[in-house]
Amino acid sequence: MLAGKRILLIIGGGIAAFKCLDLIRRMRERGAAVTPVLTGAAQEFVTPLSVSALAGEKVYTDLFDLTDEAEMGHIQLSRVADMVLVAPATADLMAKMAGGHADDLATTLLMATDTPVMIAPAMNVRMWENAATGRNLHSLQGDGVLVVGPNAGDMACGEFGPGRMSEPLEIVAALEAALSDGPLKGHRVLVTSGPTHEPIDPVRYIANRSSGAQGSAIAAALRDLGAEVVFVTGPATSPRPEGIEVIEVETAIEMRAAVMGALPVSAGVFAAAVADWRVTSASDSKIKKGKDGLPVLDFTENPDILAEISSLPEDRPALVVGFAAETDDVLAHATAKRARKGCDWILANDVSPATGIMGGAENAVVLISETGAEPWDRMSKTEVARRLAARIADALAPRG
Ligand code: CTP
């Protein structure tokens with residue numbers, strides 16, 4: 001719920017601005033008051049009248065509006081909110097924020113504010129992937145700006161890829177998490193999830209049976225305790241949790257790069273079933289049957305992401321949690337795995353087909369830490385996730 005919270009909504013000039021009309025309704029349904037600010041470019045996409053009608057409040061557009069200054073100065077306007085939300089955050093607005101510009105009302109408010117800021121980026125896929133946008137995003141995250149999205153999908157400009165603004169309900173969930181007084185408030189936490197696909201040729205790949213259900217549940221449980229969650233997922237069948245940053249990857253190499261790019265984080269939970277091997281040189285064209293007899297695949301070991309993160313000299317998360325998927329001697333293998341990988345905790349589970357755990361709704365885990373092994377009853381993956389999130393909150397110091 002957002003009851004009693006005031007959101008200063010800065011609407012940037014992009015086609016996704018139309019989603020802000022629904023976003024305002026969703027925020028108000030949950031009890032928030034919304035003060036809208038439109039940039040000059042935003043007014044090309046939505047009218048102040050429609051925004052004002054939905055928000056039920058005056059819309060601010062002009063830095064030098066004397067009436068506004070007489071009623072409420074721009075410094076005061078920037079401070080009345082519990083959160084400043086920039087949606088859509090265009091490439092230009094992100095660049096101005098990262099560079100500290102203050103040449104219109106929106107950027108001046110962003111410079112003057114002392115309240116938390118969240119951005120919902122939206123732009124063409126090439127603009128999102130441009131190195132300058134990547135640098136700006138990195139600086140903004142370093143300044144403590146919270147980020148929700150963008151999502152991947154069809155774009156208004158006719159292209160496909162990451163750059164679509166998150167849906168209103170995803171943004172609302174991110175706001176609720178950020179404004180909650182949960183014990184993980186102020187902590188950024190990473191979760192890996194799902195299988196990886198390792199290509200053999202353009203149409204075939206090596207994979208495993210992971211559905212990503214446990215990873216998704218853990219990400220949602222951490223979000224519900226107020227953490228800012230970065231969710232790095234392989235091609236899993238489970239739906240992605242709302243209101244968190246989702247990075248979609250396919251291979252182990254891509255997952256490693258996404259994890260490294262997400263650091264620093266307070267805690268990392270490595271629930272992904274990463275393929276141990278990849279085909280050394282995947283074929284660029286479909287391997288044809290019968291031409292040269294049976295194909296022979298040559299394998300290379302994938303990077304062990306969990307082990308690498310656990311041994312980082314700088315940027316090692318304060319708490320690193322791994323999983324151990326075993327089919328026999330679960331406790332012995334998992335205890336050895338914890339030592340070998342250098343992580344703090346291992347959640348061990350038996351994934352033999354008879355248990356129905358891989359791809360199922362339940363899990364039976366043993367939490368292995370330096371103090372020993374603690375078996376948990378068999379329970380739903382959601383409940384395992386809640387218990388784990390609560391333990392992580394106990395282990396991490398609260399942050400203001
Ligand atoms: N893991 C990882 N990178 C890899 C392989 C595994 O980050 N390349 C992580 C998993 O996310 C999990 C833990 O390491 O948290 C253990 O994964 P598991 O598949 O159980 O172990 P393996 O490393 O594959 O070891 P083994 O083959 O001996 O079971």
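Along the sequence shown, the residues carry numbers beginning at 1. Every number for a ligand or one of its atoms is a count from 1 in the order of the listing.
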Heavy-atom check, side chain of Asn349 versus side chain of Gln214, under 4.5 Å:
no

Within the 4.0 Å heavy-atom cut-off around ligand 1, the contacting residues, ordered by chain and number, are Phe270, Ala272, Val274, Asp276, Pro303, Asp304, Ile305, Leu306, Gly322, Phe323, Ala324, Ala325, Lys337, Arg340, Lys341

Looking only at the side chains, is there a donor atom on one of Thr355 and Ser352 sitting less than 3.5 Å from an acceptor on the other?
no

Can you tell whether the side chains of Arg240 and Glu170 come within less than 4.0 Å, N to carboxylate O?
no

Checking side-chain polar atoms at under 3.5 Å, does Glu167 have a donor or acceptor matched by the opposite partner on Asn151?
no

Taking the side chain from Asp315 and the backbone from Pro264, do they hold a donor-acceptor pair closer than 3.5 Å?
no

For Val249, the hydrophobic cluster (side chain heavy atoms closer than 4.5 Å, chained through members) also holds Leu190, Val230, Val232, Ile247, Met255, Val259, Met260, Leu263, Val265, Phe270, Val274, Ile305, Leu306, Ile309, Leu312, Val320

